[in-house]
Every structure is written in C-alpha cells, then in structure tokens.
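Letters go in sequence order (proteins before strands), and every chain restarts at 1. None of the values given here were measured: they were computed from a predicted structure. Values below: every heavy atom of this structure, side chains too, minus hydrogens, waters and symmetry copies.
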Amino acid sequence: MAKSDSPMLLQGTLDLLILHALQRGPLHGYSIAQTIHLLSDQALKVEEGSLYPALYRLELDGAIAAQWGVSENNRKAKYYEITKRGKKLLAAEQETWNRLSLGVQRVLERQP
Amino acid sequence: MRNFFLKLRRRRDMERDVETELAFHREMAAAHGNPIPMGNTTVLKEQARDLWRFALAENLWRDVVYGARSLRRSPALVITALLSLGLGIGINTGIFSMAVEFLFSEPSVTDARSVVSVKIGGNSHSSKEIVDFVRASGLFQDVVGENEETYINWDDGAETRQIFSVQLTKNYFTVLGGPMAYGRGILPQDPDEVVVLSDRFWRTRLSGDPAAVGRAIRLDGRSYTVVGILPANYRTLIGFGFSPDVYVPRYLDDTILAIYARLKPGMTIGQARAGLLTVAERMDKAMPAPYKYVEGTQVAAIAGMERIKSETEMQTVGLFFGMLLVVVGLVLMIACVNVASLLLARGSARRQELAIRLSLGAGRGRLFQQLLVESAWLALLGTALGLILREAMATAVGRYQPPLPIPIRLHMALDWRVTLYAILLATFATVACGLLPAWRSIRQSIAPNLRREGRMRMQRALVVAQLTLSMVVLTASVLFLRNLLRANAISPGFDVRHTLYADVNLPPRAYRDVQRKRVYVDAALRELTALPAVESAAAARVIPFTAATRFMIGIKLPDTGKQVHAFFYWNAVSPDYFRTMGIPIGRGRTFLPVEGAATHAVIVNRAFAERYLPDRDALGRSFLWGDIREPYVVVGIVAGTKNFSIGEDDQPQLYEDLASIANDRTQMQFVVRSATPPGTQIQAVRAALRRVEPDAGLEVATLYSSIGLAFLPSQVGAALLGGLGALGLLLAALGLYGVMVYTVSRRIREIGVRLALGADRRNITGMILASAAKLILIGSAAGLLCAFFLVKPLAMFLVPGLRPSDPVSFVAVAVLLAVTGLAAAWGPARRAAAVDPMTSLRYE
C-alpha cells in the first residue's frame, strides 16, 4: 500500500466519507470512489480492496441499502443508498471527526 | 433446514454479485483511464463471505487457538476468573450431586426399577408370617424382608460394643442381587450364623483385610462366619446414605420386617397394587388381626420420581435442596458478573486490537465469536476446576459421620446427571460472562464516540446486580444463622449440662424374662448411684431426642363421663428420673419405689392435664385407658419437655412406672446426674454397667451430645448458608473493589484538577466513597425488594417464631453489605486521595 502517495485513511474515516458521498443520492461503488476522489481534490484515492468490504459492512449494519440497477452506460450495477440509520451514524461520526481534526490542528499549530 | 438452503442459495448469489460488481468497477475504471487495481477478487469474496457468517465453523478452531493464546497473556485475569468460576461451579455441582444422592440415587440392587416396597395394613414393618404369606401368594417374583433398626453386640475379644445391624430374610441377597467387594451374599441354604460386612465396618474394625472372608466374628455371644464384604459405594434400600455395619439373617423371633418385592417381568406397580389387595383380603380371612390388612396396603417404587411422589420426607428434602440450588445458583451468578466485569475492563484495553481487525475487514460476527470463545475457555477451565472441587467435597462428605445415632455414609458420585448439569453450568457461565463484554467491545470499536460513559454505566449496573444478588443470598444466610441461635437458646425442658445417658443392649437370649430385666435395672441403678460423683441415676424406656414413642388412645373420665382421644408422648421411668433429668415436679409426687398393684400410677405433664383432664383438678384424678379395667391415677404433674425437635410446641406427655410395666425390650436406657462435668464420668459409668452385665452392648455419652440430632438441621442449614453468604459477599466486594479501582483510574485527571484547585484530600476520599455508597444503596434497595419476596418460602425450614419477613434480618444484612462495600471501596478511595496533581495532569 505504501506505493500509493495518497495518505492512508484512518480507521472509520472511510465509512464517514462513503456516507457523506451518498448524501447526494444513490451511487454505485465506482462512482462513490470517484466522488471521494474528486471531492478531495484528487488527494484521496479509495482502493476497491478497502471500498467494497466497507460497503458490505455498512450494508450489514443497515447504514446503507443496496439495489441492483442500470448504470449510465446501460450496464447492470449495484446502487447504494444511505438509510435513516446511516444518516444518524454520519452525524455522529462527523462530530467525532470534527473534534479530532480540530484537536490535531490545534496541537500542530502551537509550539510544544 | 429451509433456512440452511436459503442461506446456501443466497451465498451463491452473493458470490456472483461480488464478481459482477467488481467486473463493473474495473470496466468503469478502464473506461476512465484509471489503472486497473491489483485487487484480488477472491480475497474480496472471502471477506464478503466472512461478513455473511458462512465461515463460522471454519474459523472456530482458529478462534479457539487464538483465544487460548490471548488469555495466556493476561494471567491475573485468568486466575481471578478461574477462582470465581471454579468456586461457583464447584459448589453448584457439589450441592447438585448431593441432591442427586439424596433424591435420585438408586439402591445397589440389580434392576432397581423392578423392586418395590410393600406395606400391609398401613404398617411399615410386618411379622415374618405376613412376609411368608405374601411370598407364598406368588404375586411377586420373590419377596424379602429386612429390619434395619437393630443393634447387635459385637465382641472384639477385648470389649463388647453395640454395632448397627440389619436383620434379613436369607433370600435377601439372592433376590435383590447387587455388587460384592469380596466373597458373596447370604444364601438361602446358609446356616443362621453368617454375616455380610459393610465396607466401613470392615475397614475401620477389621483393618480392611480381604482375608476376613471366611473368618469368624462374635455377635451377641455367638460365632458368625463372614461370607461377604460389600463395596464402598453400596447403597441401601432406604438410601439417605444409611450404611449399617453388618447384615445378618433374622435372629430374633419377634423381629418385624420391612417388605420388599421384585416384580414379575412386565408387571407394573399398578397391577401389583391391585394384586396385593386380593392377597391382603385372603390374609384377613386366614389370620385375623386387630386391624384389617387390606386397609393401607401399599406398593411403592424404591427410587426415582415415583419414590419422591410417595414419600413426604423426600419432598421436604427435595424442597430444601431446591432452595440450596437457588442460593448457590445466585452465588454462581455473582461470580459470573465478576468475570464479566473483568472481561469488560479488558475489552477496553483491547479496543485497539479489535479496531485494527475490524479495519482489516474482519466481520463483527467473527470478532463476537472470538470473544465468546475466550469466555468459553474460561468457563471450561472453571468447570474443570469446579469438578475438582466437587471431588474434594465428595471425599470429605464421604468420610463425614454426622452426629446421628445411625451410621451414615454419603457417596456423591459424578454420574451422568451431574455431568450434564456441569455442562449446562459451563454453557451458562460462557454466555453470562462473555455475551455482554463481547457485545460491548465490538460496539465500542465501531462507534468509539459512545464508549466511555456507556461502559462505566454498564460496569456500575453489573456491580449493582451483584450487590442485589448477594443481598438476597445474605438474607437467607442471616435467617439461618438466627435460626441456629434461636434453636440453641430454646431449652429442651431437661438438664443437658450435668447429665449422661447410657444405652444398654442386653443379650436377648439371656433376658427373655421380664423379671430378669427388672433385677438387672435395680442392680445397675445401685451400681450407678454408688459412683462417687453421681448424684442420682434413673432408668427410662425413652430418652427424649434419641427416640420417641407416641400413643393415640381413647381415655374415659369416670367422674365427668367424658371420653377423649388422647394423643401423647409416652415414657416409662424409674422414680428418680425427674430429679436426674432436672424436670420440675409441679404438684404431687414421683413414683414410689413400690407402687400399689391395684391402680396404675401415672405422671402427666401440664399440657396433658390441660388438654385431656379438664374441668377439675388433674392431680389425683383417675381415668380409664382404652379397654383396660384398672383405672389410671395421676399422682404427679410435671413440666413438659421437648420430645424430638427443639422447635416443637408443648405436647401432652405421660409417664408410667418402669417397674410396673411389662418391659418387652432388651434395650435399656439410663440417665445419670453428675456433680462433676458429665464428660469426665463416661468411663466410670461404662465400667459400672459393665460390672453388672459384661455381655451387654454399651453406649455412654453426655446427654448434650445425644440431642445433637435435634440441632443438626439448624446447624447444617446455618453452616451451608452462612458459608454461601460469606462467599457471595466476598465476590460482590471484589466486584465493587474492581469497579472502584477503575473509576479512580478513569477520574484521575479530574481528581488532579480538583487537588490543583485546592480541594481537600479528605473531600476526594469522600467523593469516591460517596460514589461507592450510591451503588451500594441502589443494590441494597433492589436486593431488599427481591429478598423480601424470595425468602418467604424459607419459613418452612425455620423454628417457629422466626419469620422470614422479620425486619431485623434485613437491617442486619443491609448494614453488613454497607460495611463490606465501603471497606472494599476504602482502598481505591485512599489511592484517589494520594494522587499527585502534577503527575495526574500529564496522565493519558
């Protein structure tokens, strides 16, 4: 994994990003990865090896729901959609993230 | 089954779905000019499968190994958990196997299901003629008789002792079968002088020499050949651990027998009952008796549920064990909560590990399973430890002879029932210890923001549950301890501090004649009163608490013409009995050395006078006893004594003059009042009685020790429940201690800030103690509420006047719990106060 120059994602952060991406509406796996990639100004790149396990786990948790549909290029694709539970989880995770990043930022801003 | 196929189909669907989805992903990536990632489709599929919990069984073994390894890294936790679980499960299986021994053990006979106990005319024991009649009727395959309540005099060459014997019909061993350690059972064609020994008699008296078979021992002055020795785990038909010393063919003509029969193949107990009725009808015609044989015929099972249903004593024993099992179950629950708290604390330490494994794609189910496997390990090892403890208990109980006049030997065997129970307990412990912590750990790893407050709430809830449980257990123990105190404080109504008693078994062949017995009694009393420190001595037919004889008889009062059915305890005593026993004579006199022959002089107690001789002064009054012509005249009224149990109410009692009754028994009892402590007189009394009749079997003991039987239930109850209460309290205190230590470590920063801001160290101690007090208060309140309802049924085991709902017990328990709880919290509180603010602020 070290060969990628994108920073490694912290545990739990990927869930947060996926849920955030899905706020716009139902997306298939590839476009979730793309959305995250684009929204991060191409700083973050989600590998399929971590994306799909995360998606299955979230689905199992009931945070997202999946449905087969037809993609923009007329192919069969699995679409994910955020659930009510997922929205709650998103709010909670976002809160945690904000506090954490704020804390880290403050620490780094000041001289030890 | 359907579910399984559904899952299978879904699993195939899912794997195809994953493939389709990944193919699509790669196509899109290629279309957008992104390099195709090096991802491995198989790995992804595997992970998806793990998520769907298909690989449960495949992963189980790995988890078992991993669990063992990860437990080995925390020895302190393992030791604490194993001790808690081992103690809890050991006590549970121990009590359970004792309950099985008392209630469900089968006598050592072949095919116990086809052996029944038979009663004719409502009598527990019948004459030899009746046994023969039933046997000759051909209703049963065969019929045997035994009398299990006889002493026989055993002369070991140096001294004659009374030993406990069972008299049998000679077909006993051939009909019932059963194991033999050495030699064989008695055979019908054997002579009368053969004997089968119990394991204990053989071991303790004949030094366990297998060559004892074929040797002769002297019983009742005659030489008996030893034909067999029973195995150590031999169980008699009566059960309850009853283990007499020797089994001999019936040797006294008037010995009555309990009847046991083997059913014919295929015969049910119901059929046997119907058949026995017709046999009893024929018996009524063939040999008329004062009562009808047909009334009160009974055929009952000798083991299992059937026996429990037919015997009320068994039901009381069953209830007692049921109560005990509930109490030890509560103790086990307290222990499990302890282990759960430990695992919970560990779960927080392992958050990191679990989080990493989750991020690597491990399914929650997998982690859950893995954590449960750990608690299963603990439960399994705890059960193993518990079974070792049970074995130790079984050995100790097997050696213990309760202070009872009959020989008892209990075998707490590890049979299939106990094994099954142990497996159940292990499963229960796994779930009770592991479920909550596992669930918690995984939730925390997924939603880390919830973790702190939630876990503390959970741990506090567990401690409150522990305190509640131990409150219930303690209430039961305090009740039984108070019961013991109460029972000890009750006076039996006679002096047990200055008295001895001697139980003499005269050689029956030499003492057939009533007059010879009278001569013997007079001679013995002369010898006894001649002893230097003896103030007085008396003979009696019954020594209270060692035996009892009750009469139900119609009495007529000629002066008022009234007639009543009197129900009373009977005794026949020599004149000095009341003085020797310290029973006050309220009015009138004791018996004269020689009473007039025309009337029967009797002495009654106050309860008898009030209940059956009302309206006029009972002293000097005469009444007619049944259909005896000579009137009975009351010459004295004495205070009442207890008869058989310390808790009983005042019962009517009637004494006759021992010299004027036809004494048909060869067993004689003496009481001796000593000026010195009675224990010092035992040898002198024994020697004096030996001089009068060297061939008699002798037991001499202080009267205090003989009433031990009466105190036994309250002592056993107090010892068992007292111990359990202490254990429960200890475990709960440990739990509270653990939580307080954890609380302090969690609040160490806050404490540091408080101290830095100038808080008094005493305030800190107070703060920690207050948080412990809050838990104790909630636990006590909940415990009081539960205990109030749960201990109500205990009333049946307590002496009258001690009510389970008595507030004194509850207050005592609450105080005890509060003191112990605060003591457990004291250490952590002191540690909190000793916190150094500077260090603590750098903490974390």
Taking only residues two or more places apart in sequence, or in another chain, which ones meet His37(A) in a side chain to side chain donor-acceptor pair (under 3.5 Å)?
->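 By the side chain to side chain donor-acceptor pair (under 3.5 Å) rule, His37(A) matches no residue at all.
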With sequence neighbours left out, what residues match Glu109(A) under side chain to side chain donor-acceptor pair (under 3.5 Å)?
->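 For Glu109(A) there are no side chain to side chain donor-acceptor pair (under 3.5 Å) partners, ignoring immediate neighbours.
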Given that the side chain runs from C-beta out, which part of Ser71(A) has a heavy atom under 4.5 Å from chain B: side chain, backbone, both or neither?
->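 Contact with chain B involves the side chain of Ser71(A) alone.
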Candidates Glu21(B), Met28(B), His25(B) - the one meeting side-chain contact (heavy atoms from CB on, under 4.5 Å) with His28(A) |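 That would be Met28(B).
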With Arg831(B), which residues qualify under salt bridge (Lys or Arg N to Asp or Glu O under 4.0 Å), at least two apart?
->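 Listed in chain order: nothing, the list is empty.
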Within residues 73-82 of chain A, residues adjacent to chain B where the heavy-atom gap is under 4.5 Å |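 Counting heavy atoms that sit under 4.5 Å from chain B, the residues of residues 73-82 of chain A involved are Asn73(A), Arg75(A), Lys76(A), Ala77(A), Lys78(A), Tyr80(A).
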